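Working notes for the structure below.
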Amino acid sequence: MRIDKFLKVSRILKRRTVAQEAASAGKISVNGREVKPSFRVKAGDVVELRFASGTLKFRVLELRETAKKDDAASLYEVIA
């Protein structure tokens with residue numbers, strides 16, 4: 001699954017276009033490498049997302065095409 005779609009489905013970012021802009025600006029890295037919006041993530045990948053207020057680092061646990069709001073948080077685990 002593309003990183004921009006995963007960020008939207010997991011509700012880490014609100015819209016896919018926001019995820020695409022973040023990736024294009026170099027604010028998303030997977031396993032230590034900056035990625036483009038089309039990068040394919042898989043279960044076990046460690047993603048780091050840089051915001052103006054700090055960073056969010058998480059591990060992808062599961063990939064789904066869609067997820068309900070209550071299930072979205074089960075797709076990843078936050079790493080301290």
Side-chain angles (χ1 to χ4, degrees):
M1 175 181 288
R2 290 170 54 116
I3 186 69
D4 56 348
K5 183 168 183 178
F6 177 80
L7 291 171
K8 180 209 173 274
V9 169
S10 63
R11 290 177 167 75
I12 292 172
L13 293 176
K14 192 170 185 175
R15 292 188 316 270
R16 191 167 175 178
T17 53
V18 173
Q20 289 170 341
E21 290 167 1
S24 296
K27 296 182 179 185
I28 301 174
S29 61
V30 178
N31 299 326
R33 292 181 33 221
E34 278 188 15
V35 296
K36 295 181 178 182
S38 61
F39 182 83
R40 298 258 175 208
V41 291
K42 55 192 177 304
D45 282 347
V46 175
V47 180
E48 189 170 349
L49 183 57
R50 289 178 288 286
F51 297 102
S53 59
T55 62
L56 172 66
K57 192 171 184 178
F58 61 91
R59 179 175 291 112
V60 177
L61 298 178
E62 184 180 352
L63 299 174
R64 284 194 223 151
E65 290 298 313
T66 60
K68 296 188 186 290
K69 185 167 68 169
D70 298 335
D71 299 334
S74 68
L75 300 178
Y76 62 93
E77 73 173 337
V78 176
I79 302 170

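The figures here come from the full heavy-atom set of this structure, side chains too, leaving out hydrogens, waters and symmetry mates. Please read all numbers here as calculations on a predicted model, not as lab measurements.
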Practice task
For the pair Tyr76 and Phe6, name the ring-plane relationship: parallel under 30°, tilted 30 to 60°, perpendicular over 60°.
Solution key: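 Aromatic pair Tyr76/Phe6 classed perpendicular.
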Problem - Beyond-backbone contact of Glu65 with Met1, side-chain heavy atoms, under 4.5 angstrom - result: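 A side-chain contact under 4.5 Å exists here.
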Handout entry: Side chains of Ile3 and Leu7 in contact at under 4.5 Å (non-hydrogen atoms)
Key =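 Of all side-chain heavy-atom pairs linking Leu7 with Ile3, at least one is under 4.5 Å.
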Problem - Lys8 vs Gln20, side-chain contact (heavy atoms from CB on, under 4.5 Å): CA-CA, chis, key distance, verdict - result: CA-CA 10 Å; Lys8 180 209 173 274; Gln20 289 170 341; over 6 Å; no
Show the nearest heavy-atom pair for residues [X] and [Y], with the distance to one decimal.
X: Leu49; Y: Ile28; answer: CD1-CG1, 3.3 Å
X: Leu63; Y: Lys42; answer: CD1-CA, 3.9 Å
X: Asp45; Y: Arg40; answer: OD2-O, 4.3 Å
X: Lys36; Y: Ala23; answer: C-CB, 3.9 Å

Practice task
Measure from the side-chain N and O atoms of Asn31 to the backbone N and O of Val46, and report whether any donor-acceptor pair falls under 3.5 Å.
Solution key: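 Indeed, once roles are kept as given, a pair shorter than 3.5 Å links the two residues.
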Problem - N/O donor-acceptor pair under 3.5 Å between Arg16 side chain and Val9 backbone - result: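 Pair absent, no side-chain N/O of Arg16 close to backbone of Val9.
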Practice task
Please say whether more than 12 non-hydrogen atoms of neighbouring residues, nucleotides or ligands are located less than 6.0 Å from CZ in Arg15.
Solution key: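 No, not enclosed.
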Say you draw a straight line from [atom1] of [X] to [atom2] of [Y]; how long is it, rounded to the nearest 0.5 Å?
X: Asp71; Y: Ser10; atom1: CG; atom2: OG; answer: 12.5 Å
X: Glu77; Y: Glu62; atom1: CD; atom2: CD; answer: 13.0 Å
X: Glu48; Y: Glu34; atom1: CD; atom2: CD; answer: 10.5 Å

Handout entry: Option passing side chain to side chain contact (heavy atoms under 4.5 Å, CB included) with Val47 (candidates Leu56, Val35, Val60)
Key =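 Answer to the side chain to side chain contact (heavy atoms under 4.5 Å, CB included) test with Val47 among Leu56, Val35, Val60: Val60.
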Exercise for the section: Take Arg50 and Ser29 through the test side-chain contact (heavy atoms from CB on, under 4.5 Å) and record every step on the way to the result. Expected result: CA-CA 9 Å; Arg50 289 178 288 286; Ser29 61; 3.6 Å; yes
Practice task
Step by step, work out the salt bridge (charged side-chain N to carboxylate O under 4.0 Å, His left out) result for Asp4 and Arg2.
Solution key: CA-CA 6 Å; Asp4 56 348; Arg2 290 170 54 116; 3.1 Å; yes
Handout entry: Pairing of Glu21 and Lys27 as salt bridge, 4.0 angstrom limit
Key =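 Between Lys27 and Glu21 there is no salt bridge, as every charged N stays at least 4.0 Å from the carboxylate O atoms.
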